[in-house]
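What follows is a short report on a single structure.
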Amino acid sequence: MKLWHSFVKELILASRSLYFYIELIMAFIFLFLLLFVIPEQFNSKSDEYVYWDMPEAGRELLAEQALDADEDGVAETVELEYDGEPVSATLYSTETQNIYVLDDRETAVNLADEERAFAAIVHMDDAGEVTYTYYLQGYETERLRNTYLVFHNEDTDILANTFDNQDVRALETEHLLLTDRENVIPSFLTFNGSLMGLFIIASYIFLDKKEGVIKAYAVTASSVWQYLMSKMGVIMLTSTVTSFLIVLPIMGLQPNYLLMLLFLLTTGFAASALGLVLTSYYDNIQQAFGTLYVLIIVLMLPNVAYFIPSWNPTWMTYFPTYPMLEGFKEILLTNGDVSYVLLASLGFLVAGVVMFLFANTRFKQTLTV
């Protein structure tokens, strides 16, 4: 009962502070970005500039092949700008590429250089032999460069037959992917639930230290652990409410909200406990700023790996925010891995309890000094 009264008191006090509204404002900013700034799907098409250096008959043949691959089967005449001058080009748009066919070699190469894009010159000699010259930008992978070499050193009929005869087996046919907009939500939830919670609880504790609230517990009947737990309860409540505020308008009824509630509470508990451990070593936020800053930067690294799948080192999986991101992603998927989320929740709960007991001991020692 004392814990409940302490929690209600802390909640009322928190509602009067600036930090309480900072968390709400951040949630509305995230929601605004999701609704009005981040598109449903990012345009991931690459631009390619091509020049067909061959007789008209060859051009017509390549144009027919390009039309077959075009999304709507219609070539579009567009105007590009190079060196302040308009340049006419024919655009063929596929699912992954915008192919601009230009009227001369120099313009194709220069545009690719200016736009940091891919360029290709397709040349046919008098004997009807076709050669390809690629202008790369240097950031292409070795695998892609080797693919170009193999593709033009093997008979295309042989390659096509090899591809057709490959045995491709789908391991899962009902797996639904998130849209690009929905895929950003786990990152926002991780930031809102862990990083913001860590910062906000540290701010609350340092504010109470400054006002002498914590030292008052040395001469009162109230327990330090109840005070700390009530602070954590406030953080967990606000982060849960703001997280639901972010998810509901975007995802509707698709996620498993009971599982999401469990995961939010356990991750929020662990993040808050980490904040308590941090604040037990410093007297004010100025002293702790450097440590807090480095800690938040380190915890944000898995967010970078999350958006760059090609950079996902094994050591990154040991960061606590890594399973947070993966857990939230599994929750948002209609057929997500429930066992992973439950196991991660258990891990965060155990880690949170250990850190809370340690922080409680640290605060008790501080009061007896």
Side-chain angles (χ1 to χ4, degrees), residues 39-82 86-170 173 175-181 183 309-310:
E40 190 75 18
Q41 296 287 354
F42 291 111
N43 182 11
S44 58
K45 291 184 179 182
S46 60
D47 291 337
E48 299 185 1
Y49 300 93
V50 180
Y51 171 60
W52 295 333
D53 184 14
M54 58 186 63
E56 188 62 30
R59 287 171 171 266
E60 292 177 356
L61 178 61
L62 289 180
E64 289 178 6
Q65 295 176 352
L67 282 175
D68 291 338
D70 192 276
E71 287 182 308
D72 55 10
V74 178
E76 181 182 354
T77 301
V78 297
E79 251 191 20
L80 305 174
E81 184 176 331
Y82 171 67
V87 176
S88 179
T90 303
L91 172 63
Y92 300 93
S93 184
T94 69
E95 291 184 0
T96 59
Q97 301 164 316
N98 288 321
I99 304 173
Y100 296 93
V101 180
L102 295 127
D103 294 331
D104 65 90
R105 176 196 298 263
E106 185 180 355
T107 304
V109 174
N110 290 338
L111 270 172
D113 181 59
E114 185 177 271
E115 300 294 332
R116 299 288 296 167
F118 171 90
I121 308 300
V122 186
H123 174 74
M124 180 183 291
D125 59 21
D126 295 335
E129 292 291 328
V130 178
T131 58
Y132 299 82
T133 304
Y134 296 113
Y135 293 84
L136 307 180
Q137 298 297 331
Y139 52 72
E140 295 82 4
T141 63
E142 184 177 356
R143 180 181 297 179
L144 178 62
R145 293 195 294 269
N146 290 338
T147 301
Y148 289 140
L149 293 174
V150 171
F151 188 78
H152 296 298
N153 280 280
E154 290 284 350
D155 188 279
T156 54
D157 292 332
I158 297 176
L159 288 175
N161 186 55
T162 302
F163 293 150
D164 292 339
N165 291 330
Q166 284 182 344
D167 184 20
V168 180
R169 300 178 184 179
T173 58
H175 187 73
L176 299 177
L177 299 177
L178 298 174
T179 65
D180 290 335
R181 175 185 292 161
N183 204 42
S310 59

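Positions are given from 1, in the same order as the sequence printed here. Bear in mind the structure is a predicted one, so any value in this text is a computation, not a measurement.
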Q) Just wondering, are more than 12 heavy atoms of other shown residues or ligands nearer than 6.0 Å to CD in Glu40? A) yes
Q: Locate the shortest heavy-atom distance separating Ala108 from Ala119; write the atom from each residue and the value.
A: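 Scanning both residues, the minimum pair turns out to be O-CB, 4.0 Å.
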Q: Considering non-hydrogen atoms only, spot the tightest contact between Leu80 and Ala89 and give its length.
A: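 Here Leu80 and Ala89 meet closest at CD1-CB, 4.1 Å.
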**Q.** Polar side-chain atom of Asn110 near backbone of Glu106 as donor-acceptor pair, under 3.5 Å
**A.**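 Answer holds: yes.
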Q: Take Met54 and Val122 through the side-chain contact (heavy atoms from CB on, under 4.5 Å) test and state the conclusion after the steps.
A: CA-CA 8 Å; Met54 58 186 63; Val122 186; 3.5 Å; yes
Could you state the interatomic distance from [atom1] ([X]) to [atom2] ([Y]), rounded to the nearest 0.5 Å?
X      : Y      : atom1 : atom2 : value
Asp70  : Gln65  : CG    : CD    : 13.5 Å
Leu61  : Arg59  : CG    : CZ    : 13.0 Å
Met124 : Glu129 : CE    : CD    : 9.5 Å
Thr94  : Ile99  : OG1   : CD1   : 5.5 Å

**Q.** Side chain to side chain, Thr77 and Ser88, heavy atoms closer than 4.5 Å
**A.** yes
Q | Sub-4.5 Å side-chain heavy-atom contact between Ser93 and Glu76 | A | no
**Q.** Which residues share a ring pair (Phe, Tyr, Trp, His ring centres under 6.0 Å) with Tyr92, sequence neighbours left out
**A.** none
Q) Should Asp104 and Thr107 be marked as a side chain to side chain donor-acceptor pair (under 3.5 Å) after you check the CA-CA gap, both sets of side-chain angles, and the distance that decides it? A) CA-CA 6 Å; Asp104 65 90; Thr107 304; 2.8 Å; yes
Q. Mind checking what makes side-chain hydrogen bond (donor to acceptor under 3.5 Å, both in side chains) contact with Asp103, not counting sequence neighbours?
A. none
Q.
Here's a test for you: under ring pair (Phe, Tyr, Trp, His ring centres under 6.0 Å), which of Tyr134, Tyr135, Tyr100 qualifies with Tyr49?
A.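 Only one of Tyr134, Tyr135, Tyr100 forms a ring pair (Phe, Tyr, Trp, His ring centres under 6.0 Å) with Tyr49, namely Tyr100.
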Q: List the steps and the verdict of side-chain contact (heavy atoms from CB on, under 4.5 Å) for Arg105 and Asp53.
A: CA-CA 8 Å; Arg105 176 196 298 263; Asp53 184 14; 3.3 Å; yes
(Q) Under the side chain to side chain contact (heavy atoms under 4.5 Å, CB included) test against Arg181, which residue among Asn183, Thr179, Leu178 passes? (A)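 Only one of Asn183, Thr179, Leu178 forms a side chain to side chain contact (heavy atoms under 4.5 Å, CB included) with Arg181, namely Thr179.
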Q | For Trp52, the option from Leu102, Ile121, Val101 that meets side chain to side chain contact (heavy atoms under 4.5 Å, CB included) | A |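 So, applying the side chain to side chain contact (heavy atoms under 4.5 Å, CB included) to Trp52 and each of Leu102, Ile121, Val101, only Val101 qualifies.
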Q: Output, in order, the C-alpha distance, side-chain angles, deciding distance and verdict of side-chain contact (heavy atoms from CB on, under 4.5 Å) for Phe118 and Asp47.
A: CA-CA 7 Å; Phe118 171 90; Asp47 291 337; over 6 Å; no
(Q) Between Glu64 and Leu62, does the side-chain contact (heavy atoms from CB on, under 4.5 Å) criterion hold? Intermediate values first, please. (A) CA-CA 5 Å; Glu64 289 178 6; Leu62 289 180; over 6 Å; no
